[in-house]
Enquirer: 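Dropping a structure here in structure tokens format, bear with me for questions.
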Amino acid sequence: MKNPSVVSFFITLLAAAVFTHGKEPVKDTAGNSLNAGELYFIQPVKTKSKNGGGLVPAAITVLPFCPLGITQTLLPYQPGLPVGFVLPLGVRSTVMTSSAVNIEFRANIWPFCKEFSKFWEVDDSSSAPMEPSILIGGKLGEQNSSFKIEKAGEGARANVYKLTTFYGTVGAIPGVWLSAPQLIVTNDTAKTLLVKFKKVDDATRTAATSSSRVENLGLRMFPFYY
Ligand SMILES: *[C@@H]1O[C@H](CO)[C@@H](O)[C@H](O)[C@H]1NC(C)=O
Ligand SMILES: *[C@@H]1O[C@H](CO)[C@@H](O)[C@H](O)[C@H]1NC(C)=O
């Protein structure tokens, strides 16, 4: 093989075959593979104690408000704020289990903490609590902004997942505002947050550009909304 591009093509194929071993496409609530080109609501799976809506960015300290954290809205009919997934290599567009992904809130209207990116990250600063918060303001390529999606259910709960990080599993604890569940990293399996991915349909996607619709979508970024 003289053509270097052919060689690198086969190396890429080989690498893809090796690295996808034991991995499978993550499925949305309709059973379709998660695609990096689409938008999804991340929704905690309802348990007796947790019966709210989807995940939204929210202030997690009284002052300063920024950077924002991530909270499950207490309003059961609010689907959350859409997220998109960014895959590191860009070779394929299907989001696989046990593979590094970046998670980003996608909203046209984003009134607060504009100086931060919309990527999720783990607070790995020296002042972080024992169970560090998930914050908004991550960067592609940084360890604290890398997540993995792992299967967490079988049978009727086959499309149920958990998120993991380099620092532990994503869980939830009662937050500062009316105890709405706030996302943190933990090793305590009792706190593990189980989630499902609901695809944002095209109608919602288009309508999401209007501010009244964003209100309806439950863009509850400020504590006053709880
Ligand atoms: C994430 O990691 C980067 C690079 O080490 C660091 O600059 C940044 O402060 C970290 N973010 C948090 C919230 O800990
Ligand atoms: C979870 O356990 C690992 C390995 O012991 C440790 O490095 C990490 O800091 C722990 N994370 C939390 C949030 O307790």
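For ligands, and for the atoms within them, numbers begin at 1 and follow the listed sequence. The structure presented is a predicted model; accordingly, all values stated were derived computationally and were not measured.
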Enquirer: If the cut-off is 4.0 Å to any non-hydrogen atom of Met130, which atoms of ligand 2 fall inside it?
Expert: 13 (C)
Enquirer: Counting each atom of ligand 1 from 1 as listed, which ones have a heavy atom of Asp123 under 4.0 Å away?
Expert: 13 (C), 14 (O)
Enquirer: How far is atom 11 (N) of ligand 2 from its nearest protein heavy atom, and which residue and atom name does that atom have?
Expert: Tyr167 O, 2.9 Å
Enquirer: Check this for me - ligand 2, Asn187, N or O atoms closer than 3.5 angstrom, yes or no?
Expert: yes
Enquirer: Is it true that a side-chain atom of Ser133 and a backbone atom of Leu135 form a donor plus acceptor pair closer than 3.5 Å?
Expert: no
Enquirer: Is it true that, when you exclude Glu115 itself, more than 12 heavy atoms of the residues, nucleotides or ligands shown sit nearer than 6.0 Å to its CD?
Expert: yes
Enquirer: Any chance you could lay out the side chain to side chain donor-acceptor pair (under 3.5 Å) test for Asp124 and Tyr167, step after step, and finish with the verdict?
Expert: CA-CA 8 Å; Asp124 68 345; Tyr167 315 88; 2.9 Å; yes
Enquirer: Quick check on atom 7 (O) of ligand 2 - does any protein heavy atom sit closer than 4.0 Å to it?
Expert: no
Enquirer: Which ligand 1 atoms does Asp124 reach within 4.0 Å, using its non-hydrogen atoms?
Expert: 1 (C), 10 (C), 11 (N), 12 (C), 14 (O)
Enquirer: I'd like to check atom 13 (C) of ligand 2 in this structure: does the protein have a heavy atom lying under 4.0 Å from it?
Expert: yes
Enquirer: Hey, does Glu131 come in under 3.5 Å of ligand 2, counting only N/O atoms on both sides?
Expert: no
Enquirer: Closest non-hydrogen protein atom to atom 3 (C) of ligand 1, residue and atom name please, with distance?
Expert: Glu142 OE1, 3.2 Å
Enquirer: Of the non-hydrogen atoms in Leu55 and Pro44, which two are nearest, and what is the gap between them?
Expert: CD2-CG, 3.7 Å
Enquirer: Does one hydrophobic cluster hold both Val56 and Phe119, with members joined at side-chain heavy-atom distances below 4.5 Å?
Expert: no
Enquirer: Heavy-atom contacts with Val185 under 4.0 Å: which atoms of ligand 2 show up? List them by number with element.
Expert: 13 (C)
Enquirer: For Asp28 and Phe197, indicate whether the former's side chain and the latter's backbone hold a donor-acceptor pair under 3.5 Å.
Expert: no
Enquirer: Treating Thr97 as the side-chain partner and Glu24 as the backbone partner, does any N or O pair qualify as donor plus acceptor under 3.5 Å?
Expert: yes
Enquirer: What residue and atom, counting heavy atoms only, is the protein's closest point to atom 5 (O) of ligand 1, and at what distance?
Expert: Asn144 ND2, 4.8 Å
Enquirer: If you compare all heavy atoms of Pro57 against all heavy atoms of Trp110, which two are closest, and at what distance to 0.1 Å?
Expert: CG-CH2, 3.7 Å
Enquirer: For ligand 1, is any non-hydrogen atom under 4.0 Å from Glu121's backbone (N, CA, C, O), its side chain (CB onward), both, or neither?
Expert: side chain
